[in-house]
Each structure stands twice: as C-alpha cells, then as structure tokens.
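Naming: A, B, ... by sequence-line order, numbering from 1 per chain.
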Protein chains: 2
Amino acid sequence: MRELLLNLAEQAMCARGYGGFSYADIARDAGIRKASIHHHFPSKQDMGLAVLDRYGERLVQRLKLIGQSSRSGGQALAAIIDLYRERAGSGGMLCLCAAMSGDVHAIDDRIRSALQRINDLVIASLEEILVTGRGDRSISVGGDPKAEATSILAMLQGAQLMARVTMNPATFDAATEVLAARIYRG
Amino acid sequence: MRELLLNLAEQAMCARGYGGFSYADIARDAGIRKASIHHHFPSKQDMGLAVLDRYGERLVQRLKLIGQSSRSGGQALAAIIDLYRERAGSGGMLCLCAAMSGDVHAIDDRIRSALQRINDLVIASLEEILVTGRGDRSISVGGDPKAEATSILAMLQGAQLMARVTMNPATFDAATEVLAARIYRG
DNA sequence: GTCTATAATGAGATAGAC
DNA sequence: GTCTATCTCATTATAGAC
C-alpha cells in the first residue's frame with residue numbers, strides 16, 4: 001500500500017504540482033479512506049519528501065544505467081533528452097523537480113534541499129556526458145562543460161514548462177531541437 | 001484601486017503562482033475586505049486573466065523598447081537576459097508566464113491561450129534579435145533562429161525555476177552563462 | 001491498517017446594507 | 001465601492017473504534 005500511495009502521489013505531483021493534489025485524490029485512486037493515508041505519511045510534507053527521496057534514488061539508478069549502456073556521449077545525451085521528453089509526452093507532465101520547484105514557497109527546507117541535491121546530481125551527470133562526448137567527438141561542446149550542463153538542465157525543465165502550456169509534446173521537441181542537433185550521429 | 005489590486009496580484013503570482021495566493025492575501029495588502037475585490041474581479045480566474053493581459057501588453061512595449069534602444073543584436077539579447085534575471089534576483093520570483101505555466105491544470109483555456117500567445121511573442125522577438133545579431137556579428141547563431149529562440153526561452157524560464165530552488169540568483173547566472181557567452185561584446 | 005466521525009482552517013463566492 | 005455576514009466547499013489532520 002505504501003508503494004501504491006507513493007506511485008499515485010508521484011503521478012499527481014508531476015501532473016499538478018505539490019499544491020495541486022490532495023489526500024482525497026490519492027485516497028480515491030488507492031481505494032482507501034483519506035484518514036488511512038496519515039498512517040503511512042503523518043503529514044503531506046512527509047509524503048512529498050518520501051516521494052522525492054524515492055524519485056532521487058531511482059534517478060541515480062537510471063543515470064548510472066544510461067552511462068553504462070551508452071556507447072558514446074552523444075547516445076547518453078540523447079537518452080537524457082528522452083528521459084525528460086517522456087513526461088512532457090504524457091499529457092503535459094513535468095519531471096518531479098520542475099513540478100515541485102514551482103511550489104517551493106509551500107514546502108519546507110528538507111524538500112527544497114532534496115530538490116537542490118537532485119538538480120546538482122543531474123548537472124554532474126550531464127557534465128560527465130559532455131566531457132565524454134567531447135572526447136569521442138559525438139557532441140559539440142563549445143564552453144565549460146559544467147556551465148553547459150547547467151544550461152541544458154534549465155533548457156529541459158523550461159521545455160517541459162512550455163509544452164505544458166501548449167498541451168503539445170511537439171513544443172518540447174521544438175525547444176530542444178538545437179540541443180539534439182549538437183549530437184553527431186554515426 | 002483596480003490598478004493596485006492588479007499590482008498586488010501580479011506580485012503574488014510571480015512569487016507563489018496562481019494557486020499560491022488568495023483574495024484574503026490581496027485584500028490584506030490592499031487594505032480592503034476580500035468581498036470588495038469581487039466588485040473589481042468577479043472571479044479569481046477573471047483576476048488572473050486581467051493580470052496576464054496587462055502583463056502581455058507591457059511586455060510588448062518593453063520588447064519594442066529593447067529593439068529600438070539596442071545598437072546591436074547582442075545588446076538586445078543582453079537586455080532580454082536582464083529582463084528575466086530581474087525576477088530571479090528579487091527573491092526567487094518567476095516571470096508571470098513561468099509562474100502560471102506551473103498551474104495550467106487549475107486555470108481555464110482563456111488564460112492558457114494567453115500564456116501561449118505571450119510565449120510565442122517572446123520567441124518571435126528573440127528570433128528577430130538573433131537574426132539581427134547574426135547580421136551584425138554580435139551573436140553567435142549556429143542553427144535556425146526560430147529553433148534557437150525557442151530553446152533560449154526554455155533556458156531562461158528553466159533558469160528561473162532552478163534559481164528558485166537554490167534561493168540564489170547566482171544559479172540563474174550559472175544557467176545562462178553559456179547564453180551570455182554567445183554575445184560578442186565590442 | 002483501516003475505518004467513521006469530526007475538528008479546524010481557509011478557500012472562492014454571494015446577498016444586501018450603507 | 002466598500003462593508004458585514006454568511007454560504008459552500010475542500011483542505012490537512014486527529015481521536016478512537018474495530
């Protein structure tokens with residue numbers, strides 16, 4: 001049940017943000033009463049943090065897998081773009097970080113710190129990918145890899161935000177076209 | 001009073017999004033009762049749309065002014081970056097579009113259309129600036145100007161989102177460092 | 001672990017006096 | 001235009017039975 005609740009909460013938060021879902025929503029979808037949720041997660045902040053923590057752990061695994069299974073930096077970067085496109089594709093959802101970042105004012109510092117840690121994690125991964133891609137000539141990297149990685153994350157999150165407005169995943173593609181074009185495909 | 005209410009609502013929305021402010025907040029800051037707000041704006045959606053419409057009109061003026069007063073494409077692009085940095089600098093606020101985009105699920109189609117229109121407007125402005133900058137050799141423009149403009153807007157909105165998480169405007173600068181470096185300064 | 005019942009708060013909105 | 005008073009609804013959260 002705890003896992004089911006986490007799944008439903010993550011889905012809801014990606015779709016409508018931290019402030020955009022309620023215990024009532026989750027309870028209905030889970031088939032239990034909302035009071036029962038408090039047994040698993042005493043407060044909504046606890047639930048939000050638990051969702052974000054699990055999300056962070058899974059992201060680490062996924063980034064590691066992308067690094068291992070990619071035969072070039074370019075292939076890894078393409079996988080990262082796909083990772084963010086997934087959410088934008090399914091009904092204008094955001095990655096959990098972008099979704100929760102919009103509600104930073106409503107959440108406590110534990111969650112904000114976790115968000116910051118995850119962003120830094122993705123930036124570090126992207127930086128490593130850019131360095132690899134520069135080495136194997138599969139990505140065009142003009143400037144400092146760390147700075148490039150930071151701007152790429154901003155672009156990916158911004159592209160999701162813009163796609164949500166149009167309700168069209170093509171908007172995400174349009175906003176990341178330039179990034180995708182920096183990959184030299186064999 | 002109407003103008004005061006619009007100002008307070010815009011401020012609140014940039015700071016906490018559409019769902020993050022209430023008539024009670026605005027009423028307190030304006031020094032009137034919340035029932036009185038309904039005289040000026042029957043529903044919260046009406047208020048949100050009015051704020052966004054005014055924002056769009058002002059943005060048009062500001063973009064026009066930037067185009068007129070800039071002596072090069074690079075100078076204009078720098079002005080646009082500053083425009084977005086302003087908000088990120090003052091306490092992790094977002095531009096109104098980014099702030100409302102996070103709450104798209106909670107607003108009606110009139111507002112969503114207005115958001116889309118404003119995004120398109122900024123993209124068109126950026127495209128024009130890139131073309132100018134490419135012509136006068138003040139900006140490095142590699143790909144299609146329209147695609148570049150779209151990704152730049154995504155980057156700027158994403159940079160604001162990331163800066164909100166760290167509560168540090170330097171994060172905005174880090175995420176836009178690569179963009180700023182594309183400007184050749186005389 | 002889940003339930004019923006309820007508390008406590010805050011939201012947007014309306015009616016009608018002044 | 002602004003007020004008081006009220007409505008209706010949704011929210012998170014708690015107490016206590018089963």
Sugar-phosphate only, base, or nothing, as touched by A:F41 at under 4.0 Å among non-hydrogen atoms: nothing

Candidate nucleotides C:dG1, D:dA13, C:dA13, ranked by approach to the side chain of A:K34 - the nearest: D:dA13

Minimum-distance nucleotide to A:A35 side chain [options: C:dG12, D:dT14, C:dT2]: D:dT14

Basic-acidic side-chain contact under 4.0 Å: B:R110, B:D108: yes

Between P of C:dG12 and CD1 of B:I26, the distance in whole Å: 10 Å

Within-4.5 Å side-chain heavy-atom neighbours: A:R71 and A:D136: no

Nearest-Å distance for atom pair NE2/C1', residues B:H40 and C:dG12: 17 Å

Ionic contact status for B:R62 with B:E86, cut-off 4.0 Å: yes

From D:dT4, C:dG1, D:dA13, nucleotide with atom closest to A:S43 side chain: D:dA13

Whole-Å gap separating P (D:dT12) and CD1 (A:I37): 9 Å

Value in whole Å for how far the P atom of C:dT2 lies from CZ of A:R33: 13 Å

Whole-Å distance separating the CG atom of A:D46 from the P atom of D:dA13: 8 Å

Nucleotide of C:dA11, C:dT4, D:dC3 approaching B:S22 most closely (side-chain heavy atoms): C:dA11

Nucleotide nearest B:S36 when distance is taken to its side chain, options D:dT12, D:dT2, C:dC3: D:dT2

Between D:dC3 (C1') and B:M1 (CE): distance, integer Å: 13 Å

Atom-to-atom span, OH of B:Y23 to C1' of D:dC9 - whole angstrom: 17 Å

Residue A:I32, side-chain heavy atoms: nucleotide from D:dT11, C:dT2, D:dT14 that is nearest: C:dT2

Taking every non-hydrogen atom, the tightest pair across B:T171 and B:T166: OG1-OG1, 2.6 Å

Separation of D:dA10 P from A:R28 CZ (nearest whole Å): 11 Å

Whether over 12 other heavy atoms sit under 6.0 Å from A:Q11 CD: no

